[in-house]
A.B. asks: 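Sharing a structure with you now.
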Amino acid sequence: VSTEVSTDLADREALAAAIPTAGEDTPVAKELADNTRRRIQLTGRTFPKPSAPRVITVANQKGGVGKTTTTVNIAAALAQSGLKALVIDLDPQGNASTALGIDHHAEVPSIYDVLVDGVALLEVVQPCSTVPHLHCAPATIDLAGAEIELVSLVARESRLQKAIAAAAVQGHDFDYILIDCPPSLGLLTVNAMVAASEVFIPIQCEYYALEGLSQLLKNIDLVKLHLNPALHVSTILLTMYDGRTRLSAQVADEVREHFPEQVLRTTVPRSVRVSEAPSFGETVMTYDPGSSGALAYLEAASELADRGAAVRS
Ligand SMILES: Nc1ncnc2c1ncn2[C@@H]1O[C@H](COP(=O)(O)OP(=O)(O)O)[C@@H](O)[C@H]1O
Ligand SMILES: [Mg+2]
């Protein structure tokens, strides 16, 4: 009898040793535990309301760095956290409109009508059906021609700024207006920079991440000097971070070294869920709220909101 018991005990101990403990000694268990902690900390938190609406241009003339993904998910996270947000889609491709499930076929009133024909901004704004308090001024294919049509119009650089100012006079109650820029430094991006006081730069954690950044900063300085003295780079977000590569960590370190004040602590991991969401006309914030990508965007939005509040107090 006594031998049987001791054998059982030995077996059970061996078994227990073989099973990963409830601790966090495997990467998967650690990530799950981290995600759960972050979700508990952030979900349902109400972000501080800025004392005045914040108009933020999301810019980087490189394509595919995460501008659109960042714009729609940060805006959705802000809206889910008690603030009212507007996304202005300023890219003729209309990816932000698509990602928010907003109708933007050729006949829909759009930001083109606002910029070129002087239609009121609030007349083209549509609500996002999956996220309350989130709205979008869509881009249609017409916008592709605006870059050229704007050239011959009066006040061609400040048409968006005037449209937002007019909406303020009409009493819009957006706490955040995020402008998704096309991958160029043309008149559309200049309009976005004149309309905003903050520039938010997403940087992809890849080779050549910093290439082209000096051109972007030079343009921001030019707009600041000649058209909009309030403009400044307030926020940088590292996107598509791959924790398995040294490259991602190196790029992140380098960017943090150059811009210690602007870079958010949160980095957005490369995540399939993030890239799948737009094909369902949803942000990842509703498509898979528990995913690492959604949590990262919630955390980044929380930092953005806290910083805005801190700057003013
Ligand atoms: N964190 C991420 N993980 C995986 N894919 C991503 C992530 N962020 C963006 N992507 C994908 O990368 C591509 C480029 O992103 P996008 O936001 O459209 O960049 P931009 O607007 O700068 O051109 C898109 O297919 C998008 O779904
Ligand atoms: Mg885009």
Side-chain angles (χ1 to χ4, degrees), residues 31 35 38 56-77 87-102 104 110-111 136-141 143-144 146-147 178-186 188-189 191-193 199-213 215-216 235-245 247-249 251-252 255 263-264 266-301:
E31 193 186 329
N35 282 356
R38 280 155 61 190
I56 303 175
T57 281
V58 181
N60 188 329
Q61 79 275 26
K62 285 181 79 165
V65 299
K67 286 182 292 297
T68 301
T69 306
T70 295
T71 306
V72 299
N73 287 301
I74 293 272
V87 167
I88 295 180
D89 190 350
L90 215 56
D91 185 343
Q93 307 228 20
N95 293 338
S97 310
T98 302
L100 294 173
I102 302 288
H104 63 112
S110 71
I111 200 69
C136 175
T140 60
I141 192 66
L143 195 58
E147 197 83 64
L178 274 75
I179 307 169
D180 186 29
C181 287
S184 68
L185 293 170
L188 288 171
T189 298
N191 261 273
M193 288 181 180
V199 184
F200 183 132
I201 307 178
I203 293 182
Q204 186 183 0
C205 297
E206 276 296 337
Y207 274 125
Y208 312 123
L210 297 176
E211 199 186 66
L213 205 57
Q215 188 62 46
L216 175 62
T235 313
I236 293 176
L237 178 63
L238 297 160
T239 65
M240 293 181 245
Y241 188 91
D242 185 344
R244 295 164 307 180
T245 69
L247 176 64
S248 270
V251 171
V255 175
V263 183
L264 297 180
T266 312
T267 56
V268 178
R270 194 173 268 290
S271 142
V272 176
R273 308 302 270 166
V274 170
S275 56
E276 282 173 355
S279 54
F280 297 89
E282 282 187 54
T283 67
V284 77
M285 307 311 297
T286 57
Y287 176 66
D288 190 353
S291 64
S292 58
L295 288 167
Y297 274 116
L298 184 60
E299 214 166 312

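Values below: every heavy atom of this structure, side chains too, minus hydrogens, waters and symmetry copies. What you are looking at is a predicted structure, and each value in this text was computed from that prediction instead of being measured. Numbering of ligands and ligand atoms starts at 1, following listing order.
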A.B. asks: Quick check: closest heavy atoms across P138 and S97, and the distance to 0.1 Å?
C.D. replies: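 Heavy-atom minimum between the residues: CA-OG, 3.3 Å.
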A.B. asks: Would a search of protein heavy atoms around atom 24 (C) of ligand 1 find one under 4.0 Å away?
C.D. replies: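 So far as the 4.0 Å threshold goes, atom 24 (C) of ligand 1 is out of reach of every protein heavy atom.
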A.B. asks: If you measure every N/O of G66 against every N/O of ligand 1, is any gap under 3.5 Å?
C.D. replies: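 Yes, since at least one N or O of G66 sits under 3.5 Å from an N or O of ligand 1.
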A.B. asks: Specify whether an N/O/S atom of T68 falls short of 2.8 Å from the Mg ion (ligand 2).
C.D. replies: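 It does; at least one qualifying atom falls short of 2.8 Å.
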A.B. asks: Quick one: look up the protein heavy atom nearest atom 3 (N) of ligand 1 and list residue, atom name and how far away it is.
C.D. replies: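 Going atom by atom, the protein heavy atom closest to atom 3 (N) of ligand 1 ends up being S271 N, 2.8 Å.
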A.B. asks: Determine if the distance from atom 8 (N) of ligand 1 to the closest protein heavy atom is below 4.0 Å.
C.D. replies: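 Yes, because at least one protein heavy atom sits under 4.0 Å from atom 8 (N) of ligand 1.
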A.B. asks: Mind checking whether D180 has an N or O less than 3.5 Å away from an N or O of ligand 1?
C.D. replies: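 No, since none of the N or O atoms of D180 sits under 3.5 Å from an N or O of ligand 1.
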A.B. asks: Ligand 1 and V268, any nitrogen or oxygen pair closer than 3.5 angstrom?
C.D. replies: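 N/O-N/O distance under 3.5 Å: no.
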A.B. asks: Only one of I56, L90, T71 passes side-chain contact (heavy atoms from CB on, under 4.5 Å) with I179; say which it is.
C.D. replies: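 Going through the options one by one, the only one that passes is L90.
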A.B. asks: May I ask you to identify the nearest protein heavy atom to atom 18 (O) of ligand 1, giving residue, atom name and distance to one decimal place in Å?
C.D. replies: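 For this ligand atom, the closest protein heavy atom is T68 CB, 4.0 Å.
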A.B. asks: Do the side-chain N and O atoms of H104 and S110 include a donor-acceptor pair separated by under 3.5 angstrom?
C.D. replies: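 Absent: no donor and acceptor within the cut-off.
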A.B. asks: Please check this pair: side chain of S271 against backbone of R273, looking for a donor-acceptor N/O pair closer than 3.5 Å.
C.D. replies: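 Confirmed, S271 side chain pairs with R273 backbone.
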A.B. asks: Using a 4.0 Å cutoff against the non-hydrogen atoms of G64, which atoms of ligand 1 qualify?
C.D. replies: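 Reading through ligand 1 atom by atom, the close ones are 14 (C), 19 (O), 20 (P), 22 (O), 23 (O).
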A.B. asks: Specify whether the nearest protein heavy atom to atom 13 (C) of ligand 1 is under 4.0 angstrom away.
C.D. replies: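 It does not: no protein heavy atom is found less than 4.0 Å away from atom 13 (C) of ligand 1.
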A.B. asks: Are any of the N or O atoms of G63 closer than 3.5 Å to those of ligand 1?
C.D. replies: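 Checking ligand 1 against G63, no N or O pair falls under 3.5 Å apart.
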A.B. asks: Is ligand 1 less than 4.0 angstrom away from at least one heavy atom of P183?
C.D. replies: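 In this structure, P183 fails to qualify as a contact of ligand 1 - no heavy atom is under 4.0 Å.
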A.B. asks: Heavy atoms only: which of T69, V72, V65 lies closest to atom 17 (O) of ligand 1?
C.D. replies: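 Nearest heavy atom to atom 17 (O) of ligand 1 lies in T69.
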A.B. asks: What are the atoms of ligand 1, with element, lying closer than 4.0 Å to any heavy atom of S275?
C.D. replies: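 In order of number, 5 (N), 27 (O).
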A.B. asks: Between D242 and S248, do the side chains contain an N or O donor and an N or O acceptor separated by less than 3.5 Å?
C.D. replies: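 No pair is found: no donor N or O on one side chain lies under 3.5 Å from an acceptor on the other.
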A.B. asks: In terms of side-chain heavy atoms, does Y297 have a donor or acceptor partner in T70 at a distance below 3.5 Å?
C.D. replies: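 Side-chain D/A pair, Y297 to T70: present.
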A.B. asks: Taking the side chain as everything from C-beta on, heavy atoms only, tell me whether I111 gets closer than 4.5 Å to D89.
C.D. replies: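 No. Closest side-chain heavy atoms not under 4.5 Å.
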A.B. asks: Near Q93 CD, under 6.0 Å, is it more than 12 heavy atoms from other residues, nucleotides or ligands?
C.D. replies: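 12 or below, so no.
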A.B. asks: Using a 3.5 Å cut-off on N or O atoms only, is T70 in polar contact with ligand 1?
C.D. replies: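 In this structure, T70 places no N or O atom under 3.5 Å from an N or O of ligand 1.
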A.B. asks: Considering distance alone, does some N or O of K62 sit under 3.5 Å from an N or O of ligand 1?
C.D. replies: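 Not met; the criterion fails.
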A.B. asks: Could you see which bit of P269 sits under 4.0 Å from ligand 1, with heavy atoms only: side chain, backbone, both or neither?
C.D. replies: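 Under 4.0 Å from ligand 1, P269 contributes backbone atoms alone.
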A.B. asks: Can any side-chain N or O of K62 pair as donor or acceptor with the backbone N or O of Q204 at less than 3.5 Å?
C.D. replies: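 No; judged by distance alone, with no hydrogens or angles, the pair does not exist.
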A.B. asks: Do C181 and V58 have side-chain heavy atoms sitting under 4.5 Å apart?
C.D. replies: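 Side-chain contact under 4.5 Å: no.
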A.B. asks: In the structure I gave you, are the side-chain heavy atoms of T189 and Q61 within less than 4.5 Å of one another anywhere?
C.D. replies: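 When only atoms from C-beta onward are counted, Q61 and T189 do not touch, as no gap falls below 4.5 Å.
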